Number of protein chains: 2
Amino acid sequence: MHVTDVAGESVQPPSLESTGCRNVSPVLNRVGDKWSMLIVMILADGPRRFNELKRHIDGISQRMLTLTLRGLERDGLVSRTVEPSVPPRVTYALTDLGESLKQPVETLGRWAMAHIACIRAAQQRFDARLDGANEP
Amino acid sequence: MHVTDVAGESVQPPSLESTGCRNVSPVLNRVGDKWSMLIVMILADGPRRFNELKRHIDGISQRMLTLTLRGLERDGLVSRTVEPSVPPRVTYALTDLGESLKQPVETLGRWAMAHIACIRAAQQRFDARLDGANEP
DNA sequence: CCGGATCCTATCTGATACTG
DNA sequence: CAGTATCAGATAGGATCCGG
């Protein structure tokens, strides 16, 4: 994919430090919310319909699924296709941009799953230290 | 670094699909919040003191910096070192676990910076379509 | 310098009910 | 089936004052 931006400025990643941090924030606010990443992960496996997604995520409310999908659509990460039939059939899929996000998301997802145990352990150590301090 | 979990279970990433999604969520809620990832990115460059971080992030309130650092510390991603001097000198650094997060975070960070323009463009197209529909 | 405590607001989320 | 609308509770976030 040939990524140039709208105004014609070349899009070259500067050092992650200094310059970039303020650009990363807004993206994180989308991708980093409660559901977006999960949806991207599921859609990475192929297009899904609304209720397929709902069933697959389990815990998400209809409202939040709609809202999150709208957000992802707005950001150009997900496409929404309506087949004008009865009953209506709406299919969601990753766009090219969304596909390009698969790799980073997978990287983070694998890290998360590989280290979730370490994290929980650290949390328990931390909480135990606090309890010990409060009730000696 | 040799990452095995506490209980001695081997930590092998299952397929990102099915099994993993519910494990990823909690991790995302930490790493995916408004500031954690930014802090990890900065700390990736080396240890920093409290106000160094505050100055570097610019936009974060004292409160949120404290809270976020506590959270990261609780998760075992960041270490907090107090030098008992006057004035006090508190240094934050990535732990080994935190270091292991550097790579995934950088991957996502680079993606974010490389595609921020595409995203903003998509948002404007989306919003424009809505305006056109509401005010013909 | 570091950060705890408090107050107050904006936003997010879920439950529920209703529509094409 | 795939939404929209509305309401109420939870949570995040900022501003400010205070203390070690």
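Labels below follow one simple rule: chain letters A, B, ... track the order of the sequence lines, proteins then strands, and each chain is numbered from 1. Just so we're clear, the structure is a prediction, and the values are computed from it rather than from any experiment.
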**Student:** Please report, rounded to the nearest Å, how far the P atom of C:dG3 is from the CG atom of B:Asn51.
**Tutor:**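 After rounding, the gap between these two atoms is 9 Å.
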**Student:** Under the criterion side chain to side chain contact (heavy atoms under 4.5 Å, CB included), which of B:Leu69, B:Leu67, B:Leu72, B:Thr68 is the partner of B:Trp35?
**Tutor:**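 Looking at B:Leu69, B:Leu67, B:Leu72, B:Thr68, the match for B:Trp35 under the side chain to side chain contact (heavy atoms under 4.5 Å, CB included) is B:Thr68.
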**Student:** Can you tell me the distance, in whole Å, between the CG atom of A:Leu67 and the P atom of D:dA2?
**Tutor:**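 So the two atoms are 17 Å apart, to the nearest Å.
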**Student:** Taking only side-chain N and O atoms of A:Tyr92, does any of them lie within less than 4.0 angstrom of OP1 or OP2 on D:dG3?
**Tutor:**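 Affirmative; the distance criterion is met.
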**Student:** Nearest whole angstrom, please: distance from the P of C:dC12 to the CG of A:Leu65.
**Tutor:**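 These atoms are roughly 16 Å apart.
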**Student:** So B:Thr91 and B:Val82, do their side chains get closer than 4.5 Å, heavy atoms only?
**Tutor:**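 Side chain of B:Val82 against side chain of B:Thr91, heavy atoms only: no contact under 4.5 Å found.
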**Student:** Answer yes or no: is there an ion pair linking B:Arg120 with A:Asp75, defined by an N-O contact shorter than 4.0 Å?
**Tutor:**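 A:Asp75 and B:Arg120: not salt-bridged.
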**Student:** In this structure, how many angstroms lie between the C1' atom of D:dC1 and the CG atom of A:Leu53, rounded?
**Tutor:**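 Spelled out: CG on A:Leu53 to C1' on D:dC1 is 13 Å.
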**Student:** Are any protein N/O atoms closer than 3.5 Å to N/O atoms in nucleotides 14-16 of chain C? If there are, list each pair with its distance.
**Tutor:**
unit_1, atom_1, unit_2, atom_2, d
C:dG14, OP1, A:Lys34, NZ, 3.3
C:dG14, N7, A:Arg63, NE, 3.3
C:dG14, O6, A:Arg63, NE, 3.2

**Student:** So, are A:Glu99 and A:Lys102 salt-bridged, with charged N and O less than 4.0 Å apart?
**Tutor:**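 Salt bridge: yes.
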**Student:** Salt bridge between A:Glu73 and A:Arg70, side-chain N to carboxylate O under 4.0 Å?
**Tutor:**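 A:Arg70 and A:Glu73: salt-bridged.
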**Student:** A:Thr91 or B:Asp33: which one's nearest nucleotide on DNA chain D is closer to the 5' end?
**Tutor:**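 Taking each residue's closest nucleotide, the earlier one in sequence belongs to A:Thr91.
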**Student:** Check this for me: does any side-chain nitrogen of one of A:Arg55 and A:Asp58 sit under 4.0 Å from a carboxylate oxygen of the other?
**Tutor:**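 Answer for the salt bridge query: no.
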**Student:** Base, sugar-phosphate, or nothing for B:Arg89, non-hydrogen atoms under 4.0 angstrom?
**Tutor:**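 No contact at all - B:Arg89 keeps every heavy atom at 4.0 Å or more from the nucleic acid.
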